[in-house]
Amino acid sequence: MTADKTMVIGQNVKRIDALGKVTGETPYPGDIDLEGQLWLKLRFSDRAHARVLAVDTSRAAALPGVVRIFTAPDVPQNEYGLGIKDQPVLVGPGSQIAGADVVRCYADCIAVVVAENEAIAAQAAKLIDVTYEDLPAVFDPEAAMQPDAPQIHANRPGNILCHYKIRKGDMAAGWAQADVIVEGEYRTGYQEHAYLQPEAGLGYIDEQGRVAVIVGGQWVHEDQEQIAHALNLPEEQVRVIYPAIGGAFGGREDMSVQIVLALAAWKLRRPVKVIWSREESILYHHKRHPTVIRARWGATKAGKIVAAEATVIGDAGAYSYTTPKVMGNANLCATGPYEIPNIQIDTYGAHTNNLLTGAFRGFGGPQGAFAAEGQMNKLAEALGMDPVALREKNVLREGSLLSVGTPLPPGVSMAQVIEQCARESGWTPAAGGAWQRPAVQPPADAARRRGIGFAAGFKNVGFSFGFPEQSWATVELRGDTNIQEVIVRHAGAEVGQGTHTVMAQMAAQAVGVPLDCVRLITQDTAETLNSGSVSASRMTFMAGNAIKGAAEKALELWNNEERPAIATYQYRPPRTTPYDPETGRAEPNFAYGYVAEAVEVEVDVETGHIHLVRVVCADDVGRAVNPQLVQGQIEGAVVQAQGYATMENLLTQEGRILNPYLSTYLIPTVLDVPDEVKSVILEYADPIGPWGARGMGEMPYLPLAAAITAAVKDATGIWMDSIPLTPERVVAALREHGIGIF
Ligand code: MOS
């Protein structure tokens, strides 16, 4: 590695985890075995909504090789949840928590079977006899909000988990100024994370007598807190360790196997292992929230947006999970990165007896952006204006007021990002702020039609909305006259995105040593302080500031001749505030990333298949610590959003998943990806980002679906506002309009 200290940031250094992963030497949770381990299987609910009257384990317990079966009364504090603890660990009678005898979805767990091997555990789980009393169920969030709907939680009238309002300006005055008004109803579906590594892990008693869990997750200290709560143990008695993790995308933010592994190991004092099958993974971890967004926007003839109204309804599933955060972001993104004087939005997260819904790349931002950018493209059409020009007239700039009535933090680059994306995708500036769109080459095949679409987006860095954000780091400098080794302790999880490489680069830069002097100690609660979640595009920003702060303090000690020089630092970003309950007024976030995308599609009007010819993604990342990893994030996000927009169709019937297999739930493969993804990496520094870096993991996901639907409209003349645009749906829309009948 280069010894020039100015060269570590901004370099495409090789990933520090590359060799072990490509050779298969690096263990993932399912690869680890411990002496004398037992195996665990879960028995899930057979009903969408029912009271569990009895759980009879006698037939299962009689099976040779079964060691122990745990049910609701075995869980000391039978509740968990990220944020709001509203889900029983195990559902059944005899629990001290009120309502813990009711299953509210098929993903509720009733019993934990521990056996000598996996096959026996699986067989025993089926032999558990559960007696249910069915309760009326509801599977549509809008139906769930009606007064006569079945109530899923005792304390949530109307099944409303969260309701955010935005009231800005004067709607009547806004509509009076509008020369054109466009309305749209946007529907988005579930999305399965489909990470390579299904849920797996081990619970055991460590050498200090703590209950330890080896698992994949996104925040070791949050897992530790929830395990300790459910087991009624002090947090120091619980240890969470992440080995290598095969993808997360938000799907590991909520608990899966963590608590039950800890429970079994703690009670049995023996190692206990679990590996979920792909089917179990798809059935039992949460999904992206489906939403319905009804929007009405008005603009003047000159292209100034004067009013925007929207109702956003998200299916919160049976338990809260990250719904309040997800719908909060959908609420903010529902008016896009535009300054609009008069806004009225109502955003709801409503409980149903459907699948669990929670975090997934973008945290509700993609749903909001799909509607906002759809509205922008329809307004451009109604005004006869280029979509890039319309965006430039309304874009949020330095000092512009958000829908929540406060300005964005300094470093607003949305206008530059839109302009760069337009230029890179072939738009040319014309007189008077107009733009000339690129010409589309007609395909040779008469059954195919081409079109282009444009969309933009912004996404916050961090949970924010009043959440107390922080990140700890410890830096230890070892050596004599020169610094020989830099040991960095930071809890941040490497889920495959490259964050540990970026952390090592930032540490090397901060201390002024070559990269190979840096050693990381990470993602183990026994070795690191709380650094927060690896989610919400926050880790480069938060870890960078924390490591930088710790490195500066350690260098001071080093210069005072301390050997080793050890310093610990907690980074705390500027304070944020939650939505005002009546007006939505807030200072919601301390940093943002900005993105714009142009897409060229080819629609086969015979088959309804949408092929992506070219995607141009311009993303302001502030500073690309490792440009190749940034490019990887852009390409990955684009393909994941392509799947969301055009392919991934999770079928459910009354709360049950019908296609829990990767053979029937189709995600993009190498044969489906765009012919070309052009990453345009922009570096307008964030004033408070480490070396100017902003978050970027989610941003490229946000605008893609809307850019695709605009391109499909351009190709076919039809707005298709319900995603996924599966071939069946596209064919139906085309035939309805008399297209493609030969
Ligand atoms: Mo996420 S949805 O920020 O892991």
Side-chain angles (χ1 to χ4, degrees), residues 82-83 188 190-197 199 215-223 242 245-256 258 281 285-291 314 316-317 320-333 349 355-370 457-465 467 469 471 491-499 523 531-543 573 576 588-593 595 633 636-637 640-641 643-644 648 694-702 704-705:
L82 178 57
T188 68
Y190 287 114
Q191 189 178 22
E192 152 63 28
H193 303 80
Y195 24 66
L196 278 175
Q197 177 225 321
E199 290 74 0
V215 69
Q218 295 182 229
W219 184 357
V220 280
H221 289 86
E222 171 62 25
D223 288 6
Y242 296 163
I245 302 163
F249 312 116
R252 299 191 204 273
E253 279 195 46
D254 286 276
M255 298 295 97
S256 56
Q258 286 89 330
S281 176
H285 79 250
H286 68 262
K287 309 291 173 248
R288 185 187 291 284
H289 290 71
T291 58
S320 60
Y321 280 57
T322 41
T323 297
K325 293 285 170 205
V326 168
M327 297 318 295
N329 270 337
N331 190 49
L332 189 69
C333 289
L355 319 183
L356 301 166
T357 47
F360 196 145
R361 203 176 202 159
F363 255 126
Q367 291 94 318
F370 181 56
F458 72 141
K459 172 72 185 52
N460 59 316
V461 176
F463 289 155
S464 304
F465 294 97
F467 184 82
E469 277 283 9
S471 189
E494 169 67 65
V495 294
Q497 80 281 46
T499 202
Q523 52 194 38
S531 306
S533 184
V534 55
S535 61
S537 301
R538 69 187 280 289
M539 201 43 95
T540 298
F541 190 102
M542 299 297 293
T576 60
N589 295 293
F590 54 83
Y592 290 87
V595 61
Q633 287 293 305
Q640 201 166 38
Y644 180 54
E648 299 185 32
R694 302 169 186 268
M696 64 76 52
E698 300 166 297
M699 288 66 176
Y701 190 105
L702 265 75
L704 194 84

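Atoms within each ligand, like the ligands themselves, are counted from 1 in listed order. The structure presented is a predicted model; accordingly, all values stated were derived computationally and were not measured.
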So, Gln258 side chain and Ser256 main chain: donor-acceptor pair closer than 3.5 Å or not? yes

Flag the pair Tyr644 / Tyr701 as yes when their ring centroid distance falls below 6.0 Å, and as no otherwise. yes

Has the side chain of Thr357 got a donor or acceptor atom that lies under 3.5 Å from a matching backbone atom of Ala316? yes

Contact atoms of ligand 1, heavy-atom distance to Arg361 under 4.0 Å: 2 (S)

For Gln218, the ligand 1 atoms with a heavy-atom partner under 4.0 Å come out as 4 (O)

Number the atoms of ligand 1 from 1 as they appear, then name those within less than 4.0 Å of a heavy atom of Glu698, with their elements. 2 (S), 3 (O)

N or O pair under 3.5 Å between Gly250 and ligand 1: yes

Nitrogen or oxygen atoms of Ser537 and ligand 1 under 3.5 Å apart: no

Give the atoms of ligand 1, by number and element, whose distance to some non-hydrogen atom of Phe360 is under 4.0 Å. 2 (S)

Can you pull out the closest protein heavy atom to atom 3 (O) of ligand 1? Residue, atom name and distance to 0.1 Å, please. Ala536 N, 2.4 Å

Applying a strict 4.0 Å limit to heavy atoms, is Arg538 in contact with ligand 1? no

For Phe249, the ligand 1 atoms whose distance to one of its heavy atoms is below 4.0 Å: 4 (O)

Which of the atoms of ligand 1 are close to Glu253, meaning less than 4.0 Å from one of its heavy atoms? 1 (Mo), 2 (S), 3 (O), 4 (O)

Classify the ring geometry of Phe467 against Trp219: parallel below 30°, tilted from 30° to 60°, perpendicular beyond 60°. perpendicular

Could you check whether any side-chain N or O of Asn460 sits under 3.5 Å from a backbone N or O of Asn589, counting only pairs where one atom can act as donor and the other as acceptor? no

Applying ring-ring contact (aromatic ring centres under 6.0 Å, His included) between Tyr321 and each of His286, His285, His289, report the one that passes. His286

So among Gln197, Glu199, Glu192, which one has a side chain to side chain donor-acceptor pair (under 3.5 Å) with Tyr195? Glu199

